[in-house]
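Read the structure below first, then the notes.
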Amino acid sequence: MKTVYTYNKNRELMQRAAKVIPCGVYGHLGPAEGCMIPTSAYPFFVTKAKGSEMWDADGNRFIDYMCGYGPNVSGYCDPEIDEAAMKQIAIGNCTTLPNTIMVDFAELLTDTVKKDWAFFAKNGGDVTQLAIMTARAHTGRKKIIFVNGYYHGVAPWTQKPDSPGVLPEDCRNSIYIDFNDLTQLNKVISDQKEKIACFIATPYMHGNFKDNVLPADGYWQEVRRLCTENGIVLIIDDIRAGFRLNLAGSDAHYGFEADLICFCKAIANGYNVSALCGKNFIKPAVSSIMYTGSYWMSAVPFAAGIVNIKKLIKADACTYFRTLGLRLTDGLAKIAKSKNVNLSISGEPAMFYLMIKDDNSLILHQEWIAECVKRGAFLTNHHNHFINLSLTEDLVDETLEICDEAMDVMIKKHPEVYK
Amino acid sequence: MSLKTKAFVNFYAGIGVLEKFVELDPWAKSIADQHNLSVWFNVKDGPNGLLTFSNGRVSATEYSRGDACDVRLYFKSCELFNDVVDGKAAGSPLPLKGIFKTLKFMGKPDSPFNVLTNEMANIMRQGKRCNGESVNELSTQLAFYAMAAGLAQVGNHDRIAKIAAARIHDGEISVEIKDVAAATVIASGGKLKCALKKSENPRAFMIFDNLDIAGKLIRGEVDAMSCLSSGLLVMKGFIPMLDDLNKILNIVPKYLS
């Protein structure tokens, strides 16, 4: 039997935090975003992290499958990456002119992802915003095609008009279609061809609260053809999946080429840098846009990013992520099957998504995940998970033991379902 | 703010909460016990509602053709209806049926309907009865039910809230103050209904930890996200339903003032 965690110090900290920080912890790391249900099962703050593990304010240890929601790709506190960052700190970070290392990083990144140029910023939303502006500058058109269930950041244009702080006008140029639906795409292009600046999507649908969906055979190739023929800029938001499926980018993974591709989370193993990468034909458009930020050319993340990308290449990281992801998800599937639990596992193994489908409220799933977390496997209820390079087979096997015991606890509470 | 939405909120969340007032408050029930009649509130371009007093219980439902009524009140506009409910009308509704019953039941300040609604409004707005007695718990409970009923109407009629309502998956959402009060928001085909009772088959739960936190949230003194972080508001089940419901909840207060 695993120890069941308690979170007294976490709760005390949250009370302190709530007095001086909106929501205590706002945004996707906070408990209010629907991925930590019930909040009583989750810690709120860590004191340290190393590799694939983290320790919370109460000293509880977790095997972490959220990886900071993506940035932890080579392992928390990786000594080689951190050493490169520390060396750069010693010689200059946020300086009047960019450090020479920016050019080195741009060359490595563009060479790795097979694009012609890289524009650096800090967060994913910075570069999805720039991608849209670039597409509009290039085409002189207004409209954006989105895929229903998308997430491209938190700027008003990425949201719906009923979101607090968003105006209907912010969404006036948005067109919504379903993923994998070429009929809908053909129709909107046919109806509004002269107005559409871009099509933006993630390489596959890794949304929340539903099975993740991979692209149908030939889908991306047909999207590519339609965009090319109709002068529509094809933007891939690879912020979450980038460097997890294919180091050359998820467009390469699925056999097509984006015009613009957005990277962030896994570029520099947690050091803050994002990048919009693109083809030469659209470089004049992006160059014409005044777009900048105080820290966007800081040198430390570039230094970390260089070592991180080289490390991922050397380790054939994406193959490793898939192998470990399959070890875990195959194990989970076997456990669930043995207990007659309908566990759905979807998405790419490197970014697996879990959902128990024995009720229509997801409460059984929430209860199972809660029991996993309280025993040291940090999973969230309704978000894809991440594999990182420091994860080991032993940690995966320990996770399976936790998930097995947690599933038994959940089943025992629901004799009305599991007879 | 839309006058039409306000009129629907006024009927179902304002007048409609008489159902719970009569259920929870012995004084109110004693008045309701004395009346068995139904009043059809016929508002042009607005709610077409039936308020029924029967055997000490009250219900506010949508009027269907053929429904029996003792009194029919016609309001020439949502604006007039809203002004009447808010007590600032220059004009008055046209009684198309039951003029004497209208006069007796609601024609004067001390008529039973007006006494009941005035008392309820006082309790909800000030936490006090007309005689000054403090009734904070009852006040919060009634405000909670008004919020739940208002959610459905705002979701169905407010221009922005309709966008969120249209996305809500079919099913029941249980909205509760733990161990104190419960209401059910029922989503079907992008339309919302509210039942002022506990859900029997919820897909999602929104549970306030106590009356105090529910009151603060209804009054806009705290926000839902902060309450979630602190554990004073629990959400579970099919969360996308609650995400969209929260967007409507943000809009409700401007109609409940």
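Naming: A, B, ... by sequence-line order, numbering from 1 per chain. These numbers were taken from a predicted model, which means no experiment stands behind them. The figures that follow rest on heavy atoms only: side chains count, while hydrogens, waters and symmetry mates do not.
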Taking every heavy atom of Thr39(A) against every heavy atom of Gly231(B), the minimum-distance pair comes out as OG1-CA, 4.3 Å
Legend entry - Heavy-atom neighbours of Tyr69(A) OH exceed 12 at 6.0 Å: yes
The interface call for Pro161(A) against chain B, heavy-atom contacts under 4.5 Å, is both
Residues 407-419 of chain A vs chain B, non-hydrogen distance cutoff under 4.5 Å, contacting residues -> none
- prompt: Yes or no on side-chain contact (heavy atoms from CB on, under 4.5 Å) for Lys247(B) and Lys160(A), after CA distance, side-chain angles and deciding distance?
  reply: CA-CA 11 Å; Lys247(B) 291 189 169 76; Lys160(A) 296 286 172 58; 5.8 Å; no
Here the gap from Asp162(A) atom CG to Asp158(B) atom CG, rounded to the nearest 0.5 Å, amounts to 10.0 Å
Here the pair of heavy atoms bringing Phe209(A) nearest to Phe238(B) is O-CE1, 4.1 Å
Most heavy-atom pairs under 4.5 Å with chain A, out of Val234(B), Ile239(B), Leu228(B), Ile160(B), belong to Ile239(B)
Any chance CD of Glu62(B) has more than 12 other-residue heavy atoms, nucleotides or ligands included, within less than 6.0 Å?
no
Applying a strict 4.5 Å limit to non-hydrogen atoms, the region of Ser40(A) in contact with chain B is neither
In this structure, CG of Asn360(A) is separated from CZ of Arg203(B) (nearest 0.5 Å) by 4.5 Å
CG of Leu362(A) to CE of Met241(B), rounded to nearest 0.5 Å, is 10.5 Å
*asked:* Taking atom CD as the centre, does Glu200(B) end up with more than 12 heavy-atom neighbours from other residues, nucleotides or ligands that are less than 6.0 angstrom away?
replied: no
_Quick check on Glu79(B): does its CD atom have over 12 non-hydrogen neighbours (other residues, nucleotides or ligands) under 6.0 Å away?_
no
ask   = Do other residues, nucleotides or ligands put more than 12 heavy atoms under 6.0 Å from the CD atom of Glu137(B)?
value = no
>> If you count every heavy atom of other residues, nucleotides or ligands that lies below 6.0 Å from Lys339(A) atom NZ, does the total exceed 12?
In response: yes
Turns out that what part of Phe44(A) lies under 4.5 Å from chain B's heavy atoms comes down to side chain
query = Can you check whether Arg159(B) reaches Pro168(A) side chain to side chain, under 4.5 Å on heavy atoms?
reply = yes
Under 4.5 Å to a heavy atom of chain B? For Gln366(A) that would be side chain
Heavy-atom nearest pair, Pro202(B) first then Ser361(A), reads O-CB, 4.2 Å
